There are 2 protein chains.
Amino acid sequence: MNLYQFELFCQIAKVRSFTKAAKLMHLTQPAISSQVQVMENFYGTKLFERSATGVKLTPAGELVYKYAQHFLAEHEKLERELDNLMGTNAQTIVIGASSTIGNFALPCNVWSFKEKYPEANIRIEVENSKKIIELVLEDKVDFGLAEGPEFSHPDLEVKKVGESQVVIITSPNHELSSSNSITIEELKKLPLILREPGSSVREVFIEATKKAGIPAKDLNIVLELGSFQGVLEAVKKGHGISFSCIEAVKKEYHRQELHYLTLKDMELSMPFLLIYRKDRTFSPLAKRFLRFIIGPAALEFC
Amino acid sequence: MNLYQFELFCQIAKVRSFTKAAKLMHLTQPAISSQVQVMENFYGTKLFERSATGVKLTPAGELVYKYAQHFLAEHEKLERELDNLMGTNAQTIVIGASSTIGNFALPCNVWSFKEKYPEANIRIEVENSKKIIELVLEDKVDFGLAEGPEFSHPDLEVKKVGESQVVIITSPNHELSSSNSITIEELKKLPLILREPGSSVREVFIEATKKAGIPAKDLNIVLELGSFQGVLEAVKKGHGISFSCIEAVKKEYHRQELHYLTLKDMELSMPFLLIYRKDRTFSPLAKRFLRFIIGPAALEFC
DNA sequence: TAAACTTACGTTGTGCGTAAAAATC
DNA sequence: GATTTTTACGCACAACGTAAGTTTA
């Protein structure tokens, strides 16, 4: 039996559903089923009553739940005491993050991390993906979190820690605002506002056009801006259309300040990558943060 | 982090040595090293100070030790409470065991199991290995523990859970009592006292002679006895030589009632097998006992 | 029939053993 | 030089994802 299983168990007990717990823990539903079966087999008794509306704890399950919560709480206490002993909590982590992650995903993760480690000192440097890789290589940050595409480098460890859908964004007054998807051929005539080269959202789009057989020079790029906020403003004013991670424009979409649509024949998606030097030795606090990012509480938008 | 790792950790802390802990937990020493490294990496700090004389806990290690003991104790409490809830503790386990295991290894295991589950009702049926397999197939026992050799059967799960060295036993007054080993060629002329066919010690020996190219009829078998105790008595009196698991005659050897020697060109060893029907469903208590037998507190002589 | 859980199966990563090396008394 | 821990590597099993199946409201 391991603490991770107790964590899964508590999550399931809390939300009373394998499916919901799976989503929260970033697993598939069968994975949850399987782990529960392992636990039930271990303790030799059913722990959940299953039904088509969800699950509920059996009496034995209630007992396991009580202890599981206790174990998790005590283990956090152990980690805190270790921190005190080693002075870990006063350490500093420097993270290099590309703009979508740094502005939209990381802050809430940092926030919940800070709840566990209030004394931790975390600095986030926001740059575009290419610059992040440089910062990592130059050892100027503990690790980098950048948007994809995935790559490999002899000195770097690169791990996918999340993903986001990339959508086309337009002004709500734009001619496209009544449709939900367009073809890439239609797209290429429209005035484009893009981030600077080195930005991942831009790279993902350029890759897609290449795949569709459209050379970069055929694109109608009317403006290149070094900041995401700038692109957003330009699009809102109707100067052209652009691209963004869907999560980064959810707020604007709900406020009806922006419209978004998808490509007809293609899924634009952007992996989030954790990047660090293979030879890097991490401080205990940095390791905790990595566990935090990679683990069940993975990189997520607020 | 999992409870097994905490168990390893506590064992290491207790005996202050990776090597000793490895033996106690029936692992190799590198496996222990590796697990400790995993834990040290997880908590981000050294937990043991290594030296050529053994290891000792660092302050961080002491802290982990304290919590690890706590976790293990609490988890046992959880299992006990589950037992009470389900009435598991009043259940009965029926084990079929072959004579060496049933008489020499199992009793002490049952004894320590009973310490954890005082209400458990355990019945051991002692028969020779062949009969044990029949009992399992006929579903007359929950599971069987028999001496090897290993085999496979479509309806049976067969797992090796231990091993013992087989030695030649003689009276202390025997002409061989001054030597520590003989060849199989010398052996075949000597008067042999064997257990009945179906006994594993006998099978192991017959297998060995076959391998050495000696047909069974060339052997000088002077007596066949249906009980281990009978064989022992006959050997003590000097009627012939026989075979036994080394652990089963340790007591007699130290009392100088028996002498034992090994074969020159061959290692006679006998696996201990756990055998159960593939379709068998175990009671919670039986599962506990199986965990107990298979796990770190594996089948061992008293 | 739609939503929930289970089963089956292929892939990947972790844990272990064997063998050889390095370190310390 | 003997004892103890570490490193390297191959294998086996366990955990997960995908896809198809079963149950129930």
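For clarity, every value in this text was computed on a predicted model and none was experimentally measured.
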Next item on the list: Ignoring backbone atoms, test whether B:S34 places a side-chain nitrogen or oxygen under 4.0 Å from the OP1 or OP2 oxygen of C:dC16.
Entry: no

Margin query: Regarding B:Q37 and B:S33, do their side chains bring together a donor and an acceptor under 3.5 Å, going by distance alone?
Written below: no

Next item on the list: Would you mind classifying the nucleic acid contact of B:Q35 as base, sugar-phosphate or nothing, using non-hydrogen atoms under 4.0 angstrom?
Entry: sugar-phosphate

Next item on the list: Name all residues meeting the ring pair (Phe, Tyr, Trp, His ring centres under 6.0 Å) criterion together with A:H153; count only those two or more places apart in sequence or in a different chain, and write none if there are none.
Entry: none

Item checked: Gap between atoms CG and P, on A:N2 and D:dA14 respectively (whole Å) -> 13 Å

Check: NA contact type, A:S17, heavy-atom cut-off 4.0 Å: base, sugar-phosphate, or nothing?
Finding: sugar-phosphate

Next item on the list: Please state whether the phosphate of D:dT3, meaning OP1 or OP2, lies under 4.0 angstrom from any side-chain nitrogen or oxygen of B:T53.
Entry: no

Check: Roughly how many Å is it from NZ in B:K20 to C1' in D:dT5, rounded to a whole number?
Finding: 14 Å

Check: At under 4.0 Å, does any side-chain N or O of B:R50 touch on OP1 or OP2 of D:dT6?
Finding: yes

Check: Is A:I32 touching bases, backbone alone, or none of the nucleic acid, heavy atoms closer than 4.0 Å?
Finding: nothing

Notebook entry, point to check: At under 4.0 Å between heavy atoms, what does A:Q37 touch on the DNA or RNA strands: base, sugar-phosphate, or nothing?
Noted result: sugar-phosphate

Item checked: For atom OH of B:Y4 and atom C1' of D:dC13, their distance in whole Å -> 14 Å

Notebook entry, point to check: Ring centres of B:Y4 and B:H75 under 6.0 Å apart?
Noted result: no

Note to self: In whole Å, I'd like the distance from the CD atom of B:E40 to the C1' atom of D:dT6.
What the structure shows: 12 Å

Next item on the list: Find the distance A:F42:CZ to D:dA14:C1' and express it as a whole number of Å.
Entry: 15 Å

Checklist line | Touch class at under 4.0 angstrom, heavy-atom based, for B:S33 against every strand present | finding: base

Item checked: Inter-axis angle, terminal five-pair segments of the helix from C:dT1-D:dA25 to C:dC25-D:dG1 [nearest 10°] -> 30°

Notebook entry, point to check: A:F48 and A:F9: aromatic ring centres closer than 6.0 Å?
Noted result: yes

